[in-house]
Amino acid sequence: MRRLFLGLLLGTLLISGLTAAPACAQSTDSQGAAAGSASSSASLQEQVGKLQQQVADARSSGDNAWMLVCAALVLMMTGPGLALFYGGLVRKKNVLGTMMQSFILLAIVTVLWALFGYSLVFHSGTRFIGNLGYLFLHGVGAAPNPDYAATIPQETFMVYQLMFAIITPALITGAFAERMKFSAMVVFMILWTLLVYDPMAHMVWGKGGLLNATLGGVIPTLDFAGGTVVHITSGVSALVCALYLGKRLGYPHEPMPPHSVVLSFIGACLLWVGWFGFNAGSALAAGSLASSAFVATHFAAAAAALGWSAAEWLRNGKASVLGAISGAVAGLVAITPAAGFVGPMSALVIGLIAGVLCYLMVAKVKGRFGYDDSLDAFGVHGAGGTVGALLTGVFAVRAVNPIFKDAQGNALAVGLIDGNARQVINQFVGVVMAWVLAIVGTLVILKIVDVLVGLRVREEHEIQGLDLSQHGEEGYNLEV
Amino acid sequence: MRRLFLGLLLGTLLISGLTAAPACAQSTDSQGAAAGSASSSASLQEQVGKLQQQVADARSSGDNAWMLVCAALVLMMTGPGLALFYGGLVRKKNVLGTMMQSFILLAIVTVLWALFGYSLVFHSGTRFIGNLGYLFLHGVGAAPNPDYAATIPQETFMVYQLMFAIITPALITGAFAERMKFSAMVVFMILWTLLVYDPMAHMVWGKGGLLNATLGGVIPTLDFAGGTVVHITSGVSALVCALYLGKRLGYPHEPMPPHSVVLSFIGACLLWVGWFGFNAGSALAAGSLASSAFVATHFAAAAAALGWSAAEWLRNGKASVLGAISGAVAGLVAITPAAGFVGPMSALVIGLIAGVLCYLMVAKVKGRFGYDDSLDAFGVHGAGGTVGALLTGVFAVRAVNPIFKDAQGNALAVGLIDGNARQVINQFVGVVMAWVLAIVGTLVILKIVDVLVGLRVREEHEIQGLDLSQHGEEGYNLEV
Amino acid sequence: MRRLFLGLLLGTLLISGLTAAPACAQSTDSQGAAAGSASSSASLQEQVGKLQQQVADARSSGDNAWMLVCAALVLMMTGPGLALFYGGLVRKKNVLGTMMQSFILLAIVTVLWALFGYSLVFHSGTRFIGNLGYLFLHGVGAAPNPDYAATIPQETFMVYQLMFAIITPALITGAFAERMKFSAMVVFMILWTLLVYDPMAHMVWGKGGLLNATLGGVIPTLDFAGGTVVHITSGVSALVCALYLGKRLGYPHEPMPPHSVVLSFIGACLLWVGWFGFNAGSALAAGSLASSAFVATHFAAAAAALGWSAAEWLRNGKASVLGAISGAVAGLVAITPAAGFVGPMSALVIGLIAGVLCYLMVAKVKGRFGYDDSLDAFGVHGAGGTVGALLTGVFAVRAVNPIFKDAQGNALAVGLIDGNARQVINQFVGVVMAWVLAIVGTLVILKIVDVLVGLRVREEHEIQGLDLSQHGEEGYNLEV
Amino acid sequence: MKKIEAIIQPSRFDAVKEALHEVGVDGMTVSEVRGHGRQKGHTEVYRGSEYTVDLLPKVKLEMVVPDRMADAAVQAILKTAKTGKIGDGKIFLTHVDDAIRIRNEERGDAAL
Amino acid sequence: MKKIEAIIQPSRFDAVKEALHEVGVDGMTVSEVRGHGRQKGHTEVYRGSEYTVDLLPKVKLEMVVPDRMADAAVQAILKTAKTGKIGDGKIFLTHVDDAIRIRNEERGDAAL
Amino acid sequence: MKKIEAIIQPSRFDAVKEALHEVGVDGMTVSEVRGHGRQKGHTEVYRGSEYTVDLLPKVKLEMVVPDRMADAAVQAILKTAKTGKIGDGKIFLTHVDDAIRIRNEERGDAAL
Ligand SMILES: Nc1ncnc2c1ncn2[C@@H]1O[C@H](COP(=O)(O)OP(=O)(O)O)[C@@H](O)[C@H]1O
Ligand SMILES: Nc1ncnc2c1ncn2[C@@H]1O[C@H](COP(=O)(O)OP(=O)(O)O)[C@@H](O)[C@H]1O
Ligand SMILES: Nc1ncnc2c1ncn2[C@@H]1O[C@H](COP(=O)(O)OP(=O)(O)O)[C@@H](O)[C@H]1O
């Protein structure tokens, strides 16, 4: 060791002696170079013209940097974020099966999106679904699509939106955890993406969609980052799944505590971090709207964590870790539609409400109705998404986001506290649409899949666990 | 499965047949659009005026993208980073309780910051504390605050600084791990934030603060990213807590090995990654100063990991994983105040010193004095922060950061090797201020909390563990 | 060891003394200026001149933000990403030892890079290795190096490239997992970095390197983000190591299942997320090329996960989680050289091929030949890297990246499907060079290290596990 | 007094515990074990390398009871642990010489 | 020879081990078990659904000793494992027919 | 019938299992235990604080066999578990009163 090391050192010095020579010429300042040196001969007008392009590029560079990072953050929400959050909540024998459901969606939804999903959502078409102009991503390249985001390549927009299409179905998996066949899950999700997610996303975010607030929708619904599109559709579909599949064997008599709150904790934290990409990224640029949405997101998560914890403390005399992290997630869910429309103090209020409400859903309502929403996908995402969508109509203000304008370009009132009571009704309509689509779509799909492949694993497989029965593996092999 | 697949394929083709029609019109190149097309009629002056605003926006977009990402990174340092680092180091029965301490601070400090914390630190006021001009974040919005960061929305600055206010108290929890009541911790931390963190941060970073190096301070202390504000205050307070609370039952006779070095490893890596947001983000823009701080941060971490490992190897004949990751953290701590002032080779030296020194603190000094700083919050953050703050006075150079200027705007010497011996004294004063504030403040608060709610858990609760006794949960339920 | 240590310290101080000198003079403060108020008195020309600098700064701010984030992401790939991916795959008794191998490389390679590595790779020199002009990072500062990246500080470029130099040797550790001495690994890696990585990286990416496609290479090989430089060198060296060291005790009779697929899952997801920094970051700016590479990366990973899973399903009747995540990694490996050259549909194809192929390598070929590539470093990185490098020659198109130009600046065909069949041959030459260098270099180094310190741990240490025998620790202490 | 050692399916544990409680057996010590027997295991495949797991998770109950209670306890276990499938487990009976309650040093049947 | 099986509180384990060492008992086999008895457990609540844990962590020591050492060993355990609270555990004594040291095939008391 | 309890090195487990299979012993129950004996442990150091681990991982096999098979089983274990180094473990033999197969309530040797 010693000899070698000395040798190395010597060698290094030797080489440095041999070649140290001229070297570091790298001197001429080239920083300005990028902008082009002001050649005195070129007319000023030419220079300005060139500058305009360069400024656009510079702007795009900042916004694109931001949006690519946000896309990566939203990917991180599904894997490892959500996979861990859910994986920790199940019993040890189902940890891999549960995480796999999120992971395979990463793969499947990506391919579907590339082939036709993006087109169905974001190409203009009918009020309910886009057409196939972007089939195989035809025409989706470096040029921005100014309808959606004028300062970033459309490819960036496409891949960012893809991450939303991935996590939405993944959220549902919490409802049927520990008992659904892997093959059934795969078929279900392919259909669900096509029949529920794509239409809903088109209606709210697609050009000409029925509920689109800025691009020609009939009922302008506010949904900044996916309260209706992501959380209500997934949460309500989750409830339908839980009811259709029935309870896990032994539920609720047998204890089914989380096998590792530690994993869930990691997952929840990564969800929180990733959610900045989700919500602040939905500004689609790195301007001050992103900052505002970032702040609202963080504040709502914090307030909701406190809300849930306080509710638990009052009821059980203790605040649990699972409660605190669940509360944070509930707050993140509820602020999602509102993030780019509300001020920081409103965000605190929304978070607080969501934290307490979702706690009650999970700890009281679920018990009363007796359905087995195993990991509370409905209790958190369905309920949190719904209340968030409605409160968006209450707390949205033009000071944060002047989304509605009159003919002269003056900002109009946005939400109830801004003076536009109507918006609450619009929000309500959006919520109802999402609920109805989710319920009907999911029921139809479940029926189909049930007939085709069967939904539930066999009883002995459920006892053995998904890891072994569905994937032939075990999560942990801790014996020496 | 096979049939379904075929069906799907068929369906897809069908749809594509029905709608393949015209579509992809998306042709007009809109890339330039962002910059405004050079309408020849507009006067050049107008164009240039417009450009200036657009350039400012473009610049802001890059800087804001960076700072929002950094804010997310610093959040990730606390959760899951620090929570895992600490959570892995305790015994299994305390893992959730330990992680919860970090997590609840995420929530609590956020709310305090929104209500008055930001104002107390960053509004101008006295030399020791800001006034309440930003109460409830009044006036903190999209417009930059040029005193602190001219190119990003003040909201971004606010939320970025919030992340520092969160992690600082969280660091302290390492000292009283495995024995403090959750309720006592909550009260302690609320008071600590108010009485120790806010004043110290105002003094060093707030406009008009006593130690502020650029905004009218009396004793210009260099603290790029929080050597005094974050690490000394937390590390020294940690020592006070450890002494006041006394040892854990059984310490040091009973073995209390980390229950999962694996968790700590994940945590340490995430701390390292997040620390780029902490240090390079403290440039408050994405210019070359951020790059320089990034490099210094990384180099110090690497050198310190080697330093600690080498010291261990010499003493025990083996380099441990816990040693290597602890060393990296020590290096990150020590480079924090220096990151934006020193060159890369100096960063290596600072890291190396910190790695060896913190090893000695933890492995020798602690044993000699016999206090039970359970997870070495003082040994790493107190000691590392102190040595880093002092070495900043030694290694800071104007070539990296021309922070001091004479009347003509010429850069003056910054640190000792730059020719400014005085700075070492200034740094020393800053260090002493931080130590004194931390000791006095923490003692007072501990006394108050002890009287109000009692600090330590009951003996049987300590044996049972915090997870069950404080939160009614277990970290792992691995039985089938 | 001790003496050496002192020597190093001394040397470092000396160097820091010698080079602290003037360095790069921090371009005039442009922070506040960004908004620049149009002073009516200034002549328009002056305003435009100033704007040009500001535009360059704005552009740099976006690109630098992006590249710093990418550097952090690539760091995250090694730690915790790869460390967890590999750490989960070994038996419990080796988890720390395995993770430590990645971690210590973070530290060691960083120091080597700072001292001379960067210079050897990126300074111009011979066709095979750079010279020492950047020794101790002399002259590597805020100014961009326009040869490589005109819009970001060279320091950013340097630290970004460092992250590649770290992960490459770390990939090798999968081949000799569970049986190599820690000291031997350290020496091996120092030599390997110097003798294999630095030359190969210089040849492909360094100015004037033999295979450099744009900066004066003789055989223009396309390698966007490291198919040859990173994956082939590491994967092939891994195979050599596996053969040279021999099998683990008990292999293949004793079962050696992964001790925690859960850890590997987290690692794989973080690798996926980090890989965006790796591949999209290799655009070295936040423009549309980064977006394109981002999309290609994501698509290949998804398709490969499906490919591997489908192959497994066909063969075993089940798709495993380990298979899906291994597939994703294989796709990421294969797309690495191609990421910035191919369209999204090609990326799907490349991913699919890589997923199936690497599955066959690992599940069939390895078994037939009987070498013990413990964690399949060769099967995934060697095979995936090779097929990726070759397919880059097939699928690269000028529409994505007009890298080859004629004298008039018109884009020429790039890959086979673009009409340039020759490129496949160039790619083949690049691949062969990488294989040869890796085989010869690794063999020589292994021999040296074997003689100097011995490669394998003693038999009883192998049984006891690396954690205890090499580091005196255990990964988990779960007993109360 | 007798020691009853029952190796049972983990999924039957709660029922068995309840049944024992009903016949008056409260004290017991439980451990996670793995069983090897006629019940065939399963195959796991990791990256193509198969391996057969023939050790299956079981729960072992140990309880020391006064001689007169042994029968009732055994019946309670049989009633609740039986599913009729291979792998249901075994019960072993052994003579125990003495038992001591640590708390108060009681001995014999009184200690149980 | 006798097998002494002691189920004790985990927190007392170190002390017991030491005491046994002092009376000359070195060899023992230790396992993590969960105990069910009079000691009442605790309640855990996860998202509002409570569940009662009545299996508490215990440590089981098994040691086979020559008959003449049994008493001393039992006394050592009693002395150190007793806290006087419910849940302190039990000691069981059983007759063992033979012991073999695998290393050298010694049998009987010599093997212990 | 006899209960054979063998505490062995984990690394020998597969070989032992195979050897037992060959002499006709199929049913067994396995648990992870930690052993304390003459074999000296190791030292772990965490941030400079050393601690000695003198409990080493072992595997415990328990099998109840008809009296006539006991010898063969013991021999099979001895043959395969022995490495000749301290820490190889022990075998204990105890008399068992009865065995019951839960599945079909068979008793005695038939249940084994
Ligand atoms: N002779 C034995 N000694 C100890 N444990 C046994 C014995 N035979 C069976 N077992 C335990 O009983 C469990 C069930 O036995 P098995 O033969 O699989 O089913 P069955 O008893 O229904 O035929 C095994 O997994 C093992 O733990
Ligand atoms: N009859 C028994 N058979 C086996 N183990 C027992 C028996 N009774 C008690 N135990 C073990 O002893 C532990 C302590 O017993 P418990 O009744 O709770 O307290 P105490 O012995 O002080 O009354 C239990 O947790 C269990 O592990
Ligand atoms: N008297 C005993 N009672 C129970 N288990 C024992 C006894 N003596 C040894 N053991 C077990 O056997 C293992 C090996 O014993 P040890 O004394 O270390 O080696 P050896 O038997 O080769 O002298 C120990 O780790 C322990 O688990």
Side-chain angles (χ1 to χ4, degrees), chain A residues 1-2 4-6 8 12 15-16 19-20 23-24 26 29-36 38 44 47-48 51 54-55 57-58 61-62 64-65 68-69 72 75-76 79-80 84 95-96 99-100 103-104 106-107 110-111 114 136-137 142 153 155-156 159 470-473 475-478 480, chain C residues 1 4 27 45 48-49 51-53 55-56 58-59 61-63 65-66 69 92 116 131-133 135 138-139 143-146 150-151 183 187 257 259-262 265-266 269 273 276 280 286-288 290-292 294-295 298-299 302-303 305-306 318 320-322 324 344-345 348 452-453:
Chain A
M1 183 80 201
R2 220 168 297 166
L4 216 239
F5 211 79
L6 279 172
L8 253 180
T12 310
I15 299 164
S16 96
T19 53
C24 52
Q26 214 76 53
D29 177 13
S30 45
Q31 202 161 13
L44 211 56
Q47 285 182 38
V48 169
L51 261 178
Q54 285 168 356
V55 171
D57 287 353
S61 147
N64 200 33
L68 290 179
V69 173
L75 173 66
M76 191 179 76
L84 287 175
V95 59
L96 292 184
M99 300 201 313
M100 180 66 158
F103 194 82
I104 208 69
L106 267 174
T110 295
V111 173
F136 305 133
L137 300 180
E155 261 184 315
T156 300
V159 82
Q470 304 297 298
H471 306 292
E473 298 163 297
Y476 310 92
N477 287 293
L478 298 179
V480 183
Chain C
M1 192 76 204
L4 222 240
S27 59
Q45 174 66 56
V48 170
L51 262 178
Q52 282 166 333
Q53 181 55 45
V55 171
R59 172 71 204 238
S61 147
D63 287 344
W66 171 239
V69 173
K92 190 177 68 170
F116 52 79
N131 66 33
L132 293 177
L135 200 70
H138 180 80
N145 180 337
T151 59
S183 57
V187 182
H259 91 281
S260 171
V261 179
V262 173
F265 182 94
I266 306 177
C269 288
V273 173
F276 292 129
S288 61
S291 303
S292 178
F294 190 109
V295 169
H298 185 69
F299 282 16
L306 291 183
K318 276 173 190 162
S320 73
V321 176
L322 181 57
M345 293 299 133
L348 286 177
L452 284 177
V453 285

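Residue numbers start from 1 in every chain, and the chains themselves are labelled A, B, ... in the order their sequence lines are given, proteins ahead of strands.
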Next item on the list: Could you tell me which of Thr110(A), Leu137(A), Leu68(A) has the largest number of non-hydrogen atom pairs under 4.5 Å with chain C?
Entry: Leu68(A)
Note to self: Restricting to non-hydrogen atoms, name the atom on Pro144(C) and the atom on Pro146(C) that form the minimum distance, rounded to 0.1 Å.
What the structure shows: O-CD, 3.4 Å
Next item on the list: Would you name the heavy atoms of Phe294(C) and Ala72(A) that are closest together and state the gap between them?
Entry: CZ-N, 3.8 Å
Check: Which atom names give the shortest non-hydrogen contact between Thr151(C) and Arg59(C), and what distance separates them?
Finding: CG2-CG, 4.0 Å
Notebook entry, point to check: Do side-chain atoms of Glu473(A) reach the backbone of Val261(C) as a donor and acceptor pair under 3.5 angstrom?
Noted result: no
Checklist line | Partner chain A: residue of Leu322(C), Val273(C), Leu51(C), Leu348(C) with the largest heavy-atom pair count (under 4.5 Å) | finding: Val273(C)
Margin query: On a heavy-atom basis, which atom in His471(A) and which in Lys318(C) lie closest, and how many Å separate them?
Written below: C-CD, 3.9 Å
Checklist line | chain C interface, residue from Ser61(A), Gly475(A), Ala58(A) that has the most non-hydrogen pairs under 4.5 Å | finding: Ser61(A)
Margin query: Does any backbone or side-chain atom of Glu155(A) lie under 4.5 Å from a heavy atom of chain C? Answer side chain, backbone, both or neither.
Written below: both
Next item on the list: With the side chain counted from C-beta on, respond yes when His298(C) and Leu75(A) share a heavy-atom pair under 4.5 Å apart, and no when they do not.
Entry: yes
Item checked: Interface residue of largest heavy-atom contact number with chain A, from Gly62(C), Ala305(C), Ala302(C), Ser291(C), under 4.5 Å -> Ser291(C)
Item checked: For chain C, the option from Thr156(A), Asn64(A), Val111(A) that forms the most heavy-atom pairs under 4.5 Å -> Asn64(A)
Margin query: Less than 4.5 Å to any heavy atom of chain A: does that hold for the side chain of Phe299(C), its backbone, both, or neither?
Written below: both
Check: Where does Val69(C) contact chain A at under 4.5 Å (heavy atoms): side chain, backbone, both or neither?
Finding: side chain
Next item on the list: Would you mind checking which part of Leu96(A) comes under 4.5 Å of any heavy atom in chain C, side chain (CB onward), backbone (N, CA, C, O), both or neither?
Entry: both
Next item on the list: Please work out whether the ring planes of Phe103(A) and Phe265(C) are parallel, tilted or perpendicular, with thresholds of 30° and 60°.
Entry: perpendicular
Note to self: At a 4.5 Å cut-off on heavy atoms, which part of Pro153(A) comes close to chain C: side chain, backbone, both, or neither?
What the structure shows: side chain
